[in-house]
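Data block below; observations after.
Note that this is a predicted model, so its numbers are computed, not measured. Every chain is numbered from 1 and lettered A, B, ... according to where its sequence line falls, protein lines coming before strand lines.
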There are 2 protein chains.
Amino acid sequence: MAYAEALTALADPTRRAVFEALRSGPRTVGEIAAGLPVSRPAVSQHLRVLEGAQLVSARQHGTRRIYRVDRAGLAILRGYLDSFWSDVLEAFRAEAEAQARAASEPAPKPSRARRAAPKRTRRTR
Amino acid sequence: MAYAEALTALADPTRRAVFEALRSGPRTVGEIAAGLPVSRPAVSQHLRVLEGAQLVSARQHGTRRIYRVDRAGLAILRGYLDSFWSDVLEAFRAEAEAQARAASEPAPKPSRARRAAPKRTRRTR
DNA sequence: TACTTACGTAATTCATGGCTTACGCAGAAG
DNA sequence: CTTCTGCGTAAGCCATGAATTACGTAAGTA
């Protein structure tokens, strides 16, 4: 379920901008903040979230922290989307096949019986 | 920039659950809501957001609306991550090469001059 | 025609979280 | 040792948005 953190992290536009700032290579916090319309502490907070999602990692170099993209979070996210993608393709295939099978059958009654009505449970909260 | 909407849409856990409910095939709004701890209107609102992100699409069938995964949004998202991934790999390669070049040089002075200090602009908002 | 089903939409409430300022701390520099 | 730089953290404010209830509507059904 690690992809959840990555998706949450990348949902915010500013945080995505922080992430994109590291796209072309490592940067310090100050460098990242200098290119964005938010304060440096805001960038620090975003970097913490990104780090928690394994999307970035940091190394201390003197008094400055150098952040870089961590491929782990990206790999997790790509893996999730890939599995979803293949599942969807499989579902499409199965659906098309079922439809083709139904078209070649005599249809027991022309009545509009689409689908067995699922058991309905009361939903309140 | 369409990937932004997709990321925003998939950031919410409930909305992700709605999306996942369509992973194995088309479903009606009521069916989706029956499997989730939220009300049916909530599911409707989530589906609207997902539709705006091109992650799902709907077809009317009598009185019910059948939602299914739209591959467009997924493709956009995967494309964004893929391009980011390759950029990151390229940045890593360039960095490793620069580091290897620096290691084989005489190093003009053992002083700790790491990097040219970037122009500092006041940042407040 | 009246009733029921399966929705979408509007209005409202309330929690999440993003941003700021203020502060503290480690490391380099003098 | 003192000063400055670069950064993380805390507290507080405020906007965004997720959920609910109430309502309206179109399409099947009796």
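Distances shorter than 4.0 Å separate none of the side-chain N or O atoms of A/Thr28 from OP1 or OP2 on D/dG6. Taking side-chain N and O atoms only, B/Ser39 has a distance below 4.0 Å to OP1 or OP2 of D/dT20.
Less than 4.0 Å separates DNA chain D from no heavy atom of any residue of residues 50-57 of chain A. Contacts of residues 11-18 of chain A with DNA chain C (heavy atom under 4.0 Å): A/Asp12, A/Thr14, A/Arg15.
Under the salt bridge (charged side-chain N to carboxylate O under 4.0 Å, His left out) criterion, the residue pairs touching residues 66-76 of chain B are A/Glu95-B/Arg68, with sequence neighbours excluded. Pairs passing the ring pair (Phe, Tyr, Trp, His ring centres under 6.0 Å) check and including a residue from residues 16-42 of chain A, sequence neighbours excluded, read A/Phe19-B/Phe84.
Across the protein-nucleic acid pair, A/Arg48 atom CZ and D/dC7 atom C1' stand 12 Å apart, rounded to whole Å. For B/Leu47 and C/dT9, the CG to P distance is 11 Å, given to the nearest whole Å. For the pair B/Leu36 CG and D/dT20 P, the computed distance is 11 Å after rounding to whole Å. Distance CZ (A/Arg40) to C1' (C/dG24): 12 Å, rounded to an integer number of Å. Distance CG (B/Leu10) to C1' (D/dG17): 16 Å, rounded to an integer number of Å. Rounded to an integer number of Å, the gap from B/His61 NE2 to C/dC7 P is 13 Å. Protein atom CZ of A/Arg64 is 13 Å distant from nucleotide atom P of D/dG8, rounded to whole Å.
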- request: Report the C-alpha distance between A/Glu90 and A/Arg93 in whole Å, list the side-chain angles of each, state the deciding distance to 0.1 Å, and finish with yes or no for salt bridge (Lys or Arg N to Asp or Glu O under 4.0 Å).
  value: CA-CA 5 Å; A/Glu90 165 63 18; A/Arg93 195 197 57 73; 3.1 Å; yes
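Expressed to the nearest 0.5 Å, how far CD of A/Gln45 lies from OG of A/Ser39 amounts to 7.5 Å. Rounded to the nearest 0.5 angstrom, A/His61 NE2 and A/Arg64 CZ are separated by 10.5 Å.
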Anything under 3.5 Å between a donor and an acceptor, one on a side chain of residues 73-83 of chain B, the other on a protein residue two or more places apart or in another chain? List them.
{"unit_1": "B/Arg78", "atom_1": "NH1", "unit_2": "A/Asp82", "atom_2": "OD1", "d": "2.5"}
{"unit_1": "B/Tyr80", "atom_1": "OH", "unit_2": "A/Glu20", "atom_2": "OE2", "d": "2.5"}
{"unit_1": "B/Asp82", "atom_1": "OD1", "unit_2": "A/Arg78", "atom_2": "NH1", "d": "2.5"}
{"unit_1": "B/Ser83", "atom_1": "OG", "unit_2": "A/Arg23", "atom_2": "NH2", "d": "2.7"}
{"unit_1": "B/Ser83", "atom_1": "OG", "unit_2": "B/Tyr80", "atom_2": "O", "d": "3.1"}

Show the atom names and distances, to 0.1 Å, of all donor-acceptor pairs under 3.5 Å that link a side chain in residues 7-18 of chain A to residues at least two apart or in another chain.
{"unit_1": "A/Thr8", "atom_1": "OG1", "unit_2": "A/Ala4", "atom_2": "O", "d": "2.8"}
{"unit_1": "A/Asp12", "atom_1": "OD2", "unit_2": "A/Thr14", "atom_2": "N", "d": "3.2"}
{"unit_1": "A/Asp12", "atom_1": "OD2", "unit_2": "A/Arg15", "atom_2": "N", "d": "3.0"}
{"unit_1": "A/Arg15", "atom_1": "NE", "unit_2": "A/Ala9", "atom_2": "O", "d": "2.7"}
{"unit_1": "A/Arg15", "atom_1": "NH2", "unit_2": "A/Thr8", "atom_2": "O", "d": "3.3"}
{"unit_1": "A/Arg16", "atom_1": "NH1", "unit_2": "A/Leu10", "atom_2": "O", "d": "2.9"}
{"unit_1": "A/Arg16", "atom_1": "NH1", "unit_2": "A/Ala11", "atom_2": "O", "d": "3.2"}

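Nearest nucleotide to the A/Ser44 side chain, out of C/dT9, C/dT21, D/dT9: D/dT9. Closest to the A/Pro41 side chain, of the nucleotides C/dT20, C/dT9, D/dC7, is C/dT20. Checking C/dC19, D/dT9, D/dG8 against every side-chain atom of A/Arg65, the shortest atom distance belongs to D/dG8. Taking the side chain of B/Gln45 as heavy atoms from C-beta on, and the options C/dT20, C/dC7, C/dA10, the nearest nucleotide is C/dA10. Taking the side chain of A/His46 as heavy atoms from C-beta on, and the options D/dA19, C/dG18, C/dA6, the nearest nucleotide is C/dG18. Comparing D/dG8, D/dT20, D/dA10 against the side chain of A/Tyr67 picks out D/dG8 as the nearest.
With A/Glu31 contributing its side chain and A/Thr28 its backbone, the two residues share a donor-acceptor pair below 3.5 Å. With B/Glu5 contributing its side chain and B/Ala2 its backbone, the two residues share no donor-acceptor pair below 3.5 Å.
Applying the side chain to side chain contact (heavy atoms under 4.5 Å, CB included) criterion to A/Ala21, with sequence neighbours excluded, gives A/Ile32. Residues passing the side-chain hydrogen bond (donor to acceptor under 3.5 Å, both in side chains) test with B/Ser24, sequence neighbours excluded: B/Arg27. Scanning for side chain to side chain contact (heavy atoms under 4.5 Å, CB included) contacts around B/Arg65 gives B/Ala58, B/Gln60, B/Tyr67, with sequence neighbours left out. Not counting sequence neighbours, B/Ser57 has no partner by the side-chain hydrogen bond (donor to acceptor under 3.5 Å, both in side chains) test.
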Name the pairs: protein N/O against N/O of nucleotides 25-27 of chain C, kept only if under 3.5 Å.
none

Protein-nucleotides 12-14 of chain C N/O pairs closer than 3.5 Å?
none

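Within the 4.5 Å cutoff, the side chain of A/Val69 has no heavy atoms near those of the A/Leu55 side chain.
The minimum heavy-atom distance between B/Pro26 and B/Ile66, with the atom names listed, is CB-CG2, 3.6 Å.
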